[in-house]
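In what follows, a structure is listed as structure tokens, so that the remarks can point back to it.
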Amino acid sequence: MAEDIVSGIQDTSPGVEPFRQVLERHGLSLVRGGVTTLQVNTGYICNLRCRHCHLEAGPDREEIMSRGTMASIVSFARRFPFRVIDVTGGAPELVADLPFLVEGLAPLAPRLMLRTNLAALSGALLEPLLALCVAHGVVLAASFPSTNPTQADAQRGAGVTENGIAVLKRLNAAGYGVEGSGLELDLVSNPSGAFLPVSQESAERKFRQDLLRKWGIRFNHLYTFANVPLGRFRTWLLRTGNYERYLKALVAGFNPLAVERLMCRTLLSVSWDGFLYDCDFNLAAGRPHGDRKVHVSDVGDLPSPGAPIAIGEYCYACTAGSGFT
């Protein structure tokens, strides 16, 4: 199922130093280390249509992982010793066969993560999926952009924050985010516009204080990430005339220390239809691992340390501030 492919993504923009060039100027290279993490993108279906989404996920997307592809991924994970398996989307909660995938992957890695936007985890889906996650000790990584409901709803939709708070309270009641429970609840915050996030340390301190004071909610860790100029966010930047200014802000925020810890060095991403990518952003950019579409069922070995990683100007988002680690 291998297929040659040519990327249509441009690596440079006027006035922006190419990412490869800035690496060379700092005496750095971006190549693979040992692969320890498998990221599984279950598809682009989502109940939200967030402005910052690099995948353009939404309610009308039909790209959804089939049970057959899930079985191929479980077989793939069984053949290789991953330390972490990270299940993402879209909104994985909306994929009907997600329990099949979780059950299959849970015994195969010490750490199984499930990313959630919280809004899709509510209603009838919440209790059975929560019970499954508790039973397998699944780490939940929840998108929660701000403790200010007005600001968060502007990014994700009216009423989404109120719903997310209710879900977080239920997760706490089940033990998630509670010290000593062994059930990890992490939050992820992205800026609402064309600017970089505040420092992760100060943001975590504020989130912890605000959530506990306002709603009695606890969590384990907060991660702040810059929005990646791909997909719907790229379209919004171009439409509002912010694209070049935002790229320049990412370039100005380049942190050489973040390069060594980038997730793409140790991560292998699998698309909803079972093909390999270096990361979820290269998936969004249509740039498969090794510049060839290879299905998980055809993989004989993991990428070797030192293997190249496809890069582009959007990589600046992963090296700004704390970076994507």
Side-chain angles (χ1 to χ4, degrees), residues 37-74 76-77 84-106 109 111-126 128-130 132-133 136 138-145 155-157 160 163-164 167 171 185-190 223 225 227-228 230-233 263-264 267-286 296 324:
T37 299
L38 176 65
Q39 187 172 67
V40 181
N41 191 305
T42 56
Y44 306 152
I45 182 71
C46 186
N47 58 318
L48 304 180
R49 201 186 300 271
C50 295
R51 182 171 64 193
H52 69 281
C53 184
H54 62 279
L55 290 167
E56 298 184 277
D60 56 343
R61 297 302 295 262
E62 298 180 352
E63 301 90 338
I64 300 172
M65 184 172 286
S66 68
R67 182 178 282 242
T69 299
M70 290 179 181
S72 295
I73 290 171
V74 171
F76 175 69
V84 179
I85 299 179
D86 176 3
V87 179
T88 186
E93 310 96 311
L94 300 182
V95 177
D97 286 322
L98 178 65
F100 172 81
L101 183 65
V102 171
E103 292 277 7
L105 293 176
R111 183 178 176 87
L112 177 61
M113 296 173 56
L114 176 65
R115 296 179 185 261
T116 172
N117 67 18
L118 295 176
L121 192 57
S122 61
L125 290 175
L126 177 55
L129 187 54
L130 177 56
L132 180 68
C133 290
H136 291 289
V138 176
V139 175
L140 296 180
S143 175
F144 197 82
Q155 181 178 351
R156 307 176 74 199
V160 171
N163 185 65
V167 174
L171 294 180
L185 172 62
D186 299 329
L187 303 183
V188 178
S189 173
N190 296 76
Y223 299 99
F225 296 133
N227 293 319
V228 179
L230 289 169
R232 191 176 295 124
F233 187 58
M263 62 180 182
C264 59
L267 177 144
L268 196 59
S269 179
V270 185
S271 62
W272 65 274
D273 51 354
F275 291 94
L276 300 187
Y277 293 80
D278 291 315
C279 65
D280 206 52
F281 306 123
N282 279 344
L283 167 59
V296 288
F324 275 87

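Checked against side-chain hydrogen bond (donor to acceptor under 3.5 Å, both in side chains), N41 has the following partners two or more places apart in sequence or in another chain: D280. Residues forming a side-chain hydrogen bond (donor to acceptor under 3.5 Å, both in side chains) with T42 (at least two apart in sequence, or on another chain): none. With sequence neighbours left out, the side-chain hydrogen bond (donor to acceptor under 3.5 Å, both in side chains) criterion links R232 to no other residue. Not counting sequence neighbours, A96 has no partner by the side-chain contact (heavy atoms from CB on, under 4.5 Å) test. Residues that satisfy the side-chain contact (heavy atoms from CB on, under 4.5 Å) test with V74, not counting sequence neighbours, are R78, L101, L105, L108. For N47, the side-chain hydrogen bond (donor to acceptor under 3.5 Å, both in side chains) partners two or more places apart in sequence, or in a different chain, are N117. Applying the side-chain contact (heavy atoms from CB on, under 4.5 Å) test to R111 and every residue at least two apart in sequence or in another chain returns V84, M113, V139, E184, D186. Contacts of L125 classified as side-chain contact (heavy atoms from CB on, under 4.5 Å), with partners at least two apart in sequence or in another chain: E93, L94.
Considering CG of L276 and OG of S271, their distance stands at 8.0 Å, rounded to 0.5 Å. With rounding to the nearest 0.5 angstrom, the OG1 atom of T69 is 8.5 Å from the CZ atom of F275. Taken to the nearest 0.5 Å, the SG atom of C264 stands 16.0 Å off from the OH atom of Y277. One distance of note links CD1 of I45 with CG of D60; it measures 7.5 Å at 0.5 Å rounding. If you take CG on L268 and CD on Q39, they are separated by 10.0 Å, rounding to the nearest 0.5 Å. Remark: L55 CG to W272 CH2 distance equals 12.5 Å, nearest 0.5 Å.
Side-chain contact between L38 and F76 is present, with at least one heavy-atom pair separated by less than 4.5 Å. Two residues are said to be in side-chain contact when any heavy atoms from C-beta on lie closer than 4.5 Å; L98 and V87 meet this criterion. No side-chain heavy atom of N282 sits less than 4.5 Å from a side-chain heavy atom of S269.
Evaluation of the side-chain hydrogen bond (donor to acceptor under 3.5 Å, both in side chains) test over residues 94-105, restricted to residues two or more places apart or in two chains, returns R67-D97, E103-H136.
Screening L129, L118, L185 for a side-chain contact (heavy atoms from CB on, under 4.5 Å) involving L140 leaves a single residue, L185.
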